[in-house]
Amino acid sequence: MKQLFLILLIITVSLFPNDSQKMHKSFLEDFSFPGSKVFRYGSTGIPTDFTYKIGISSPSEPDTKILSFKLNPEEDAGPGKGPEIISKKFTHFGSYSARLKVPDARKKQPNVGAVVGYFTYHEDDEEGLSEIDFEWLIADPKIIYVGTWTGKPGNLQRIGRIINLAEGKIVETISKVNYDGKPTLLKGMQNIPESIPAIENYDASSQFYTYGFDWKAAGLRWWMLHPETADTVVLWDYQGSQLGIPHHASKYRMNFWHTKDWAVEGNPESLEQPEFPFELEVDWMRYVKK
């Protein structure tokens with residue numbers, strides 16, 4: 001009888017895949033309510049009651065309900081330590097977008113070492129890393145970092161672009177192997193557009209902006225909506241090579257964390273432990289499955 005029960009249990013489990021096999025359909029999470037149907041809290045940091053809230057009024061737009069992340073000044077450095085949400089199921093090829101406002105730390109702590117991450121991430125034992133990211137180092141919210149990580153530990157592949165959008169300056173567009181690898185400049189189809197017009201007074205901490213990326217098997221496109229015209233501003237349309245393009249499913253995420261070894265472009269001193277509970281505001285996150 002016991003053996004029959006075990007056989008039936010195995011058959012039942014095989015008919016219902018676990019979370020690692022389930023895929024999200026298209027969704028819009030607008031953070032209007034205290035909980036989320038599509039995201040779970042995923043921080044490995046110190047449990048607190050103030051670093052993570054959903055469904056509260058925005059201090060910047062009182063009529064808007066938001067996801068609020070606040071840094072804990074007592075927390076250790078590391079991307080998993082700060083507040084983070086992770087999709088409950090996997091996402092894959094499609095269009096991703098979010099409306100968010102990063103904190104302004106420059107008056108209180110201009111050399112703070114803190115990162116806002118809007119991204120997909122999953123590390124598979126067989127296929128390696130699948131990561132696509134938008135990042136802002138809040139010591140200078142005029143600069144945007146976009147790119148991917150693929151491959152396995154010890155042989156991680158990075159493609160990345162750094163943009164000072166207020167100046168309309170592409171600082172670099174590169175590939176490298178591992179975090180300390182020698183950067184190689186990308187050219188041709190991997191370097192489109194080659195220039196970006198400045199968005200006057202762009203500052204990711206001054207207001208909410210809508211950002212997004214389109215993930216396809218043949219290429220990646222990072223973009224944002226112009227704050228005045230709502231036109232799509234293409235930040236990087238990467239194509240013409242399979243280098244750096246993730247191909248296996250990932251998890252959709254947002255996080256906010258202290259870094260002690262990644263300084264913002266142009267300010268090597270910006271590595272300080274946060275001294276204040278700086279707040280990230282997220283209006284919504286969308287995924288459109290392709």
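One is the number of the first residue; the rest follow in order along the sequence.
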Counting N and O atoms only, with roles assigned by atom type, does the side chain of Ser87 sit under 3.5 Å from a partner on the main chain of Tyr252, one being a donor and the other an acceptor?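 A pair under 3.5 Å: yes.
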Under the 3.5 angstrom rule, does the side chain of Thr51 hit a backbone N or O of Thr48 as a donor-acceptor pair?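 Side chain of Thr51 to backbone of Thr48: no pair is present.
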Residues which pass side-chain contact (heavy atoms from CB on, under 4.5 Å) with His248, listed by chain and number, not counting sequence neighbours: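 Residues passing side-chain contact (heavy atoms from CB on, under 4.5 Å) with His248: Asp124, Glu127, Ser130.
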Would you call [X]-[Y] a salt bridge at under 4.0 Å N-O?
X: Asp133; Y: Arg158; result: yes
X: Asp140; Y: Lys142; result: no
X: Arg253; Y: Glu84; result: yes

Assess the pair [X] and [Y]: is the distance between their ring centroids shorter than 6.0 Å?
X: Trp136; Y: Phe134; answer: yes
X: Trp262; Y: Tyr145; answer: yes
X: Phe90; Y: His122; answer: yes
X: Tyr179; Y: Trp149; answer: yes

In sequence, state the C-alpha distance, the side-chain angles, and the governing distance for His258 and Glu75, and then conclude on side-chain hydrogen bond (donor to acceptor under 3.5 Å, both in side chains). CA-CA 8 Å; His258 164 45; Glu75 187 56 81; over 6 Å; no
For the residue pair Phe276 and Pro73, establish whether any side-chain heavy-atom pair is separated by less than 4.5 Å.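 The answer is no; the side chains never approach within 4.5 Å.
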Mutual orientation of the aromatic rings belonging to Tyr96 and Phe213 [parallel < 30°, tilted 30-60°, perpendicular > 60°]: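 Parallel.
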Show the nearest heavy-atom pair for residues Tyr118 and Arg286, with the distance to one decimal.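 In terms of heavy atoms, the two residues are closest at OH-O, 4.5 Å.
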Answer yes if the side chains of Ser68 and Glu279 hold a donor-acceptor pair under 3.5 Å, and no otherwise.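 Yes, because at least one side-chain N or O of Ser68 sits under 3.5 Å from a partner of the opposite role on Glu279.
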Distance-only polar pair, side chains of Thr64 and Glu61, donor-acceptor under 3.5 Å: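 The answer is yes; a qualifying pair exists.
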